[in-house]
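Okay, so here's the structure we're looking at.
As the structure lists them, so they are numbered: ligands from 1, and atoms in each ligand from 1. Quick note: numbers below take in every heavy atom, side chains included, and nothing from hydrogens, waters or symmetry partners. Throughout, numbering of the chain's residues begins at 1 and tracks the sequence.
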Amino acid sequence: MSITLKPTQPQFFAEISGIDLAQPLKAADRDAIQAAIDRYAVVVFHDQKLSDDQQIEFAGHFGPIHSSAQKARHRGIKHRLARDEIADISNLDGDSNVLEENSKRRLDWLANRLWHTDASFRAVPGALSMLYAHVVPPEGGDTEFADLRAAYDALPETRKHELEGLIAEHSIWHSRGQLGVTKYTPEEIASLPPVPQRVVRTHPGSKRKTLYVAAHASHIIGMPIADGRLLLLDLIEHATQPRFVHAHTWKQGDLVIWDNRCTMHRARPFDTTQVRDLRRVTTRDVASTLEQAA
Ligand code: OGA
Ligand code: MN
C-alpha cells in the first residue's frame, strides 16, 4: 500500500496514512514525506509504534539531529531516557514520576506553552521537529500550530517592506523570563548566548517567504528594545489569528512532524498531575538564518 495524503487546508497541515514508520524507510516514501512537509509544513501520522531508537532512525533520514549531550541545561539531573537525540517533552522526572509543581524541569518545560519555534535560540536553529506520543492525558494537552508563510503573505505590502532586512535577537532566557522562570546557573546562561536571526526568511523547501518569530525573540537589533519588542508582539499576534492556526489533539501513537523554519507551535494546558509522555527528535538547519536567503 502506498502512502496517502489528506490535507487539512490547501497549504497547511496534512495527515499521512498507509505507512509503518518502524519499518525501513523506502527512498520513494522518504521523498514523498519530504515533499509533503515542504508543502504543508506540518504532517501527522497516526497509529505508529516507535521505540526511541526507531524514532531517531526515522528522523535521521531527514537531516542531522540536534543532540542534548554536553548541554549545561541537562547536566546534573537524572535522565529518564537513554538517548541524547531524544528531547523528553513529558511531565515525568528521571524516575518516571510526575514532576513536582516547583521542579526546575517543569518550570523550564512550561515555556512550551508560549508560541515558539524550536531552537531558534541556537545559531544553527532547528529544522524539522518530530514529536511522538507515548502517553496522552485524558483531556487537554493539544498542540497548536501557526502557519508563518500564510501569515507573511497576508501582511500589508507596507509592513512587508518595513520588515526587509530586520534581524531579531533570540535567547532561550527571554522566553523563560516571560514566565518569571529565571533560576538558571551562570554556567547554564553562558552555555546559550543570544543569537541573531532574520525576521523574514525564504523557506528552503517551498521557496516561499515566511516570518521567523518566536517567544525566544526579544528585540530587533538596531532598534530601541521597546519598539522591537512591540513589533515582535504584533507579528506574533498577527500570525496566531485563528485563520492561520490549526490545533492537533493527540492520540497515543501519533507522530507529528513540523517544519520550524515556517511555523510556530505551542502546547495547550492540561492537568499536569496526569501523565503526558511525548518525545521529540529535531533535525538541524543547515546554517544560521543570516547565512540563508532573506
Ligand atoms: C516541543 C513542544 C509542545 C507540546 O516538543 O517542541 O513545544 O504540546 N511541544 O508538547
Ligand atoms: Mn517546541
Side-chain angles (χ1 to χ4, degrees), residues 13 37 41-45 48 50 52 55-56 58-59 62-63 65-68 71 73-74 80-81 83-92 98-99 105-122 125-148 170-176 178-179 181 192 197 212-217 236 239-240 245-272 274-285:
F13 213 101
I37 295 166
V42 190
V43 299
V44 183
F45 303 83
Q48 301 296 321
L50 294 175
D52 291 353
Q55 187 181 350
I56 295 164
F58 171 75
F62 297 87
I65 293 170
H66 260 308
S67 164
S68 65
K71 298 281 154 43
R73 237 163 99 243
H74 299 273
R80 186 170 67 97
L81 308 173
R83 300 279 309 258
D84 287 329
E85 296 93 332
I86 300 257
D88 190 351
I89 306 299
S90 76
N91 59 337
L92 301 173
V98 167
L99 292 165
R105 204 176 80 74
R106 179 175 177 278
L107 297 174
D108 186 74
W109 162 82
L110 282 176
N112 281 347
R113 295 261 305 274
L114 302 173
W115 282 110
H116 68 284
T117 183
D118 291 334
S120 67
F121 51 81
R122 295 187 193 284
L128 304 180
S129 285
M130 310 194 177
L131 186 60
Y132 177 65
H134 286 257
V135 182
V136 171
E139 54 191 66
D142 286 5
T143 306
E144 290 181 345
F145 295 91
D147 180 352
L148 296 185
H170 290 235
S171 164
I172 190 168
W173 315 118
H174 179 69
S175 51
R176 274 58 191 164
Q178 290 177 56
L179 298 181
V181 177
L192 287 168
Q197 303 288 4
Y212 189 65
V213 288
H216 310 304
I236 291 175
T240 56
V245 171
H246 183 84
H248 178 66
T249 299
W250 290 94
K251 288 194 294 292
Q252 188 178 328
D254 285 352
L255 178 84
V256 179
I257 304 179
W258 64 87
D259 192 330
N260 287 293
R261 297 167 296 190
C262 60
T263 60
M264 282 193 295
H265 60 279
R266 66 170 178 177
R268 299 304 290 146
F270 68 102
D271 173 358
T272 59
Q274 303 285 321
V275 175
R276 181 176 188 262
D277 184 357
L278 271 57
R279 305 180 194 180
R280 168 161 64 77
V281 179
T282 297
T283 66
R284 290 160 58 91
D285 204 344

Report yes or no: do [X] and [Y] form a side-chain donor-acceptor pair below 3.5 Å?
| X | Y | result |
| --- | --- | --- |
| Asp147 | His246 | no |
| Arg280 | Thr282 | yes |
| His265 | Trp115 | no |

TODO: For residues Val98 and Thr272, determine if any side-chain heavy atom of one lies less than 4.5 Å from a side-chain heavy atom of the other.
DONE: no

TODO: Under the side-chain hydrogen bond (donor to acceptor under 3.5 Å, both in side chains) rule, collect the residues that match up with Arg80, sequence neighbours excluded.
DONE: Asp88, Ser90, Asp277

Task: Protein N, O or S atoms lying under 2.8 Å from the Mn ion (ligand 2), listed by chain and number - done: His116 NE2, Asp118 OD1, His265 NE2

Task: Ile86 backbone acceptor or donor facing Gln55 side chain under 3.5 Å - done: no

Task: Polar side-chain atom of Tyr132 near backbone of Val281 as donor-acceptor pair, under 3.5 Å - done: no

- [ ] Show your working on side-chain contact (heavy atoms from CB on, under 4.5 Å) between Leu131 and Arg279 and close with a plain yes or no.
- [x] CA-CA 6 Å; Leu131 186 60; Arg279 305 180 194 180; 5.7 Å; no

Could you go through ligand 1 and list every pair where one of its N or O atoms sits under 3.5 Å from a protein N or O, giving the atom names and the distance to one decimal?
residue: ligand 1; atom: 5 (O); partner: Arg280; partner atom: NE; Å: 2.9
residue: ligand 1; atom: 6 (O); partner: Asp118; partner atom: OD1; Å: 3.0
residue: ligand 1; atom: 6 (O); partner: Asp118; partner atom: OD2; Å: 3.2
residue: ligand 1; atom: 6 (O); partner: His265; partner atom: NE2; Å: 3.4
residue: ligand 1; atom: 6 (O); partner: Arg280; partner atom: NE; Å: 2.8
residue: ligand 1; atom: 6 (O); partner: Arg280; partner atom: NH2; Å: 3.4
residue: ligand 1; atom: 7 (O); partner: His116; partner atom: NE2; Å: 3.1
residue: ligand 1; atom: 7 (O); partner: His265; partner atom: NE2; Å: 3.0
residue: ligand 1; atom: 8 (O); partner: Thr143; partner atom: OG1; Å: 2.6
residue: ligand 1; atom: 8 (O); partner: Arg276; partner atom: NH2; Å: 2.7
residue: ligand 1; atom: 10 (O); partner: Arg276; partner atom: NH1; Å: 2.8
residue: ligand 1; atom: 10 (O); partner: Arg276; partner atom: NH2; Å: 3.4

Task: salt bridge (Lys or Arg N to Asp or Glu O under 4.0 Å) pairs, two or more places apart, involving residues 125-146 - done: Glu144-Arg266, Glu144-Arg268

